[in-house]
Amino acid sequence: MIGGASALGAGVLLALPAALPASAAAAHPAPARHLKAMYDVGVHPGITAAQARASELAGTTVPEYTASVKVGTKNFTYTIVGKNPAIKVANPATTVTAEIVPLIMKFSNGDTWNPTKIDSCDPGASALTRTQKSPIVVAQPWTWGGTSIGTGQVTDAFQRAEFWKFAKPSGINPTFGVKLAFKTLKPVTITVPAAQATAFGIGCGNGLLGAANINWLDPHLQNVVIPSLASQGAGSTTFPIFVLHNFVEYIGNAGQCCVLGYHNIFNTSAGAQTYGLAMYDNSGAFAGSSDISAMSHEVGEWQNDPNTINPTPSWGNIGQVSGCQANLEVGDPLSGTTFTDTHNGFTYNPQELAFFSWFYHQSPSLGVNGWFSDQGTFRTFAAPCP
């Protein structure tokens, strides 16, 4: 992630034409159109590194480990969800409780985006049902590059594949992995003030791609929505992920659109609260984005950089990154690069993710097949930047 114009979680940003305010959007929406992704990300976590580390040690956040890696003469300390695969333990597998939280987004003029309802963008199932049946949630066998990774969710398979030296059958922790134990919470309805809303025209559903100002929405999630989920079991030791349908965020003004997903963290009295947000996308508005691609990006990044501050050697000018970046955001270098997985008769499009060894210049790679990303797009580590 790179510093953005305002506080938001690490995520995916693409550009669309100028939009109209919500008050005019229903009558005269500006058209959305396919454009090459102009991704931008920025996060300002609501927590200090010391607070995050204290919560980890106290067990008041999701299960994590902290370790360090040396690149040249410099040490980089990082925190990742799960257990350290490089240290042999009796049970290296980790299970994290995760909550799918459908967000029903409403504008004051009545326009509504509801992930629990079927619409003409996909007459076969709702965005929520597709998510629940997707490889992010449902375990399945995976074989990448001719190598059997094992059975698990797609982000669990990614975690095993990026640390394959340790997780392979002959490795020191062959049962290593990070499983998400999902449950779906009651939908939450958010009414976006007209001054914080806009929309673009699309060719299905309610005819609109909705958008809210992330500078309004993200604080609302932290201050209002996430605390309200405590009665359903969500909290600092769980991972809530909000699901929207054909609804995005803009950064301050509609010309800075569109964020398809992000993950973030903030400090609470109970501990360090991580969370994520992603659009289920069948809008047809974005090149390189479809169905669960944004969610796979964000869950993978949350697993590898839960506190959003893991430092790496500088890299960039690749994927969504223009210029240099220096963090362990595994989705950013390959934003827009997806692969297909047909499951229960539906073809999903998770995003390819970059391996740990790509960021930390490890050769040979710790990853499966000697690769530096889970589908083999990267065959060597990151080039220095600049």
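None of these values were measured; they are calculated from a predicted model. Computed over heavy atoms, backbone and side chain alike; hydrogens, waters and symmetry mates excluded. If you read the sequence from its start, that first residue is 1, and numbering goes on from there.
Residues Pro169 and Pro174 share a closest heavy-atom pair of O-CB, 3.8 Å. Contact between Lys186 and Gln232 at its shortest, heavy atoms only, is N-OE1, 3.1 Å. Nearest heavy-atom pair, Cys121 versus Asn282, reported as atom, atom and distance to 0.1 Å: CB-OD1, 3.2 Å. Pairing each heavy atom of Tyr275 with each of Ile265, the nearest pair is CE2-N, 4.0 Å. Taking each heavy atom of Val178 and Gly82 in turn, the nearest pair found is CG2-CA, 4.1 Å. Heavy atoms only, all atoms of each residue included: Ala195 and Tyr250 are closest at O-OH, 3.9 Å.
Two residues are said to be in side-chain contact when any heavy atoms from C-beta on lie closer than 4.5 Å; Thr308 and Trp302 fail this criterion. Between Trp371 and Thr377, the closest side-chain pair of non-hydrogen atoms is not below 4.5 Å. The shortest side-chain heavy-atom distance between Asn173 and Val89 falls under the 4.5 Å cut-off. Between Val188 and Phe242 the shortest side-chain heavy-atom distance does not fall below 4.5 Å. No side-chain heavy atom of Ser290 sits under 4.5 Å from any side-chain heavy atom of Asp281. Between Pro333 and Trp315, the closest side-chain pair of non-hydrogen atoms falls below 4.5 Å. Residues Leu229 and Val101 meet the side-chain proximity criterion, which asks for heavy atoms closer than 4.5 Å. No side-chain heavy atom of Asn215 sits under 4.5 Å from any side-chain heavy atom of Gln196.
By the 30° and 60° cut-offs, the orientation of the rings of Tyr78 relative to Tyr360 is tilted. Ring geometry, Tyr280 versus His245: the interplanar angle falls from 30° to 60°, so the pair is classed tilted.
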Handout entry: Step-by-step ring-ring contact (aromatic ring centres under 6.0 Å, His included) determination, Phe163 to Phe356
Key = CA-CA 8 Å; Phe163 294 116; Phe356 181 93; 5.3 Å; yes
Practice task
Start with the C-alpha gap between Leu128 and Thr184, add the side-chain angles, then the distance that decides, and say whether side chain to side chain contact (heavy atoms under 4.5 Å, CB included) holds.
Solution key: CA-CA 9 Å; Leu128 175 60; Thr184 301; 4.2 Å; yes
Exercise for the section: Begin with the C-alpha distance, continue with both residues' side-chain angles, and end with the deciding distance and a verdict on side-chain hydrogen bond (donor to acceptor under 3.5 Å, both in side chains) for Thr61 and Gln273. Expected result: CA-CA 6 Å; Thr61 191; Gln273 178 69 62; over 6 Å; no
Practice task
Could you give me the CA-CA distance, side-chain angles and deciding distance for Gln303 and Gln159, then say whether side-chain hydrogen bond (donor to acceptor under 3.5 Å, both in side chains) is met?
Solution key: CA-CA 8 Å; Gln303 284 185 171; Gln159 211 73 9; 2.9 Å; yes
Practice task
Please report the C-alpha distance between Leu217 and Val192 in whole Å, then the side-chain angles of each, then the deciding distance to 0.1 Å, and finally whether the side chain to side chain contact (heavy atoms under 4.5 Å, CB included) criterion is met.
Solution key: CA-CA 8 Å; Leu217 179 61; Val192 184; 5.9 Å; no
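With hydrogens and angles ignored, the 3.5 Å screen pairs a side-chain donor or acceptor of Ser335 with a backbone N or O of Gly331. A donor-acceptor contact shorter than 3.5 Å links the side chain of Arg160 to the backbone of Phe176.
Side-chain N/O atoms of Thr66 and Glu56 include a donor and acceptor closer than 3.5 Å. Thr147 and Asn369 are linked by a side-chain donor-acceptor pair at a separation below 3.5 angstrom, with hydrogens and angles left out of the test. Inspection of the Thr60 and Ser55 side chains reveals an N or O donor paired with an N or O acceptor under 3.5 Å. Under 3.5 Å, the side chains of Thr131 and Ser134 contain no donor-acceptor pair of N or O atoms. For the residue pair Thr116 and Asn114, a side-chain donor N or O sits within less than 3.5 Å of a side-chain acceptor on the partner.
Using a 4.5 Å cut-off between side-chain heavy atoms of Ile, Leu, Val, Met, Phe, Trp and Tyr, with links allowed through other members, Phe182 and Val81 fall into the same hydrophobic cluster. No continuous path of ILVMFWY side-chain contacts below 4.5 Å connects Val225 to Ile104, so the two sit in separate hydrophobic clusters. Both Ile190 and Tyr262 are assigned to one and the same hydrophobic cluster, defined by single-linkage of ILVMFWY side chains at heavy-atom distances under 4.5 Å. Linking ILVMFWY side-chain heavy atoms closer than 4.5 Å, directly or via other members, places Val137 and Val96 in a single hydrophobic cluster.
Here the two rings, on Trp358 and Phe381, have centers that are 6.0 Å apart or farther. Between Phe359 and Phe76, a ring centre-to-centre spacing not shorter than 6.0 Å is recorded.
Partner of Met279 under the side-chain contact (heavy atoms from CB on, under 4.5 Å) criterion, chosen from Asp291, Val259, Val248: Val248. Each of Trp164, Phe158, Phe372 was checked for a ring pair (Phe, Tyr, Trp, His ring centres under 6.0 Å) with Phe355, and the lone residue meeting it is Phe158.
More than 12 heavy atoms of other residues, nucleotides or ligands lie within 6.0 Å of NZ in Lys83, so this atom counts as buried by the packing criterion.
Arg130 forms a cation-pi arrangement with Phe346, by the criterion of a distance under 6.0 Å to the ring centre and an angle within 45° of the ring axis.
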